[in-house]
Amino acid sequence: MGDHTLAGRASHEIEVKHSRFLALAAPVDSPEAALAFVAEVGDPAATHNCWAYRIGELYRSSDDGEPAGTAGRPILSAIDGQGLDQTVVVVTRWYGGINLGAGGLVRAYGGCAAECLRTARRRPLIEYVECTLQFGFADTGVVHAALAAHGVEKLDERFTAAGARLRLRLPASRLDELGEQLRDATRDRARLATLAADTDQPR
């Protein structure tokens, strides 16, 4: 599953052998919201309105009358391929009189969806913060146990005569809890400081 969703709605249009394909995508946080978007943007006058959504472990796709596996699944693959989650895509087709064949349909639906998502603005689903942590060698064991418990990613590790200095990345929502655990575990000897997004200076 991806760690980003879309920052807003996005669209992309292509023409393949006189058939017009229009991809419309949006961020959604529930299957109900995804299906509401499908109902809202699908064109009843079009030949097909094919779609897919991915919301965590939940996903669905529809070929809407196209040969099985040629539309909905390629759209879902485009969502997953772009590393997105909480995302729905509808690709509407207006038939242009020339059959594309199964391979052509997969390329058209999947390609239109992928390009729509590739060029769309996105935002992280989880906000991460970077911070520094300084501690003495005597506290190494308890510090590493605390970091492991909070899913902290170690970006850098340096050692001085007094101990270690780590650069860490973790979900912003876990920062306070981690700070408390480190204070308790090291009797307030460990020093945790968040970094500003564009600098190495603690703020």
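What you see below is based on every heavy atom in this structure, not just the backbone, and it leaves out hydrogens, waters and symmetry mates. All values reported here derive from a predicted model rather than from experimental measurement.
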Verify, without hydrogens or angle tests, whether Thr47 (side chain) and Tyr95 (backbone) share a donor-acceptor contact under 3.5 angstrom. yes
Would you check if Arg123 and Leu6 make a side-chain contact, meaning some heavy-atom pair closer than 4.5 Å? no
Any pair with a residue in residues 19-44 that passes salt bridge (Lys or Arg N to Asp or Glu O under 4.0 Å), sequence neighbours left out, goes on the list, sorted by first then second residue, please. Arg9-Glu40, Glu13-Arg20
Distance check, rounded to the nearest 0.5 Å: Glu157 atom CD versus Leu166 atom CG? 5.0 Å
CG on Leu192 to CG on Leu133, rounded to 0.5 Å: 5.5 Å
What closest approach, in Å, do Ala78 and Ala114 show between heavy atoms, and which atom pair accounts for it? CB-N, 3.7 Å
Which pair of heavy atoms, one from Asn49 and one from Gly42, lies closest together, and at what distance? OD1-CA, 3.4 Å
Among pairs that include at least one residue of residues 58-75, which meet salt bridge (Lys or Arg N to Asp or Glu O under 4.0 Å), considering only residues two or more places apart or in two chains? Glu66-Arg93
Would Ser61 and Ile75 count as a side chain to side chain contact (heavy atoms under 4.5 Å, CB included) here? Give the steps. CA-CA 8 Å; Ser61 64; Ile75 296 169; over 6 Å; no
Angle between ring planes, Phe135 versus His144, binned at 30° and 60°: parallel, tilted or perpendicular? perpendicular
Above 12 or not: heavy atoms from other molecules or residues under 6.0 Å from CZ of Arg107? no
Take atom OH of Tyr128 as the centre, draw a 6.0 Å sphere, and report whether it contains more than 12 heavy atoms from other residues, nucleotides or ligands. yes
Determine, stepwise, if the pair Phe137 / Phe159 fulfils side chain to side chain contact (heavy atoms under 4.5 Å, CB included). CA-CA 9 Å; Phe137 290 120; Phe159 297 100; 3.7 Å; yes
For Leu76 against Ala52, the heavy-atom pair lying closest together: N-CB, 3.6 Å
Assess whether side chain to side chain donor-acceptor pair (under 3.5 Å) is satisfied between Thr5 and Asp85, documenting all intermediate values. CA-CA 5 Å; Thr5 187; Asp85 196 350; over 6 Å; no
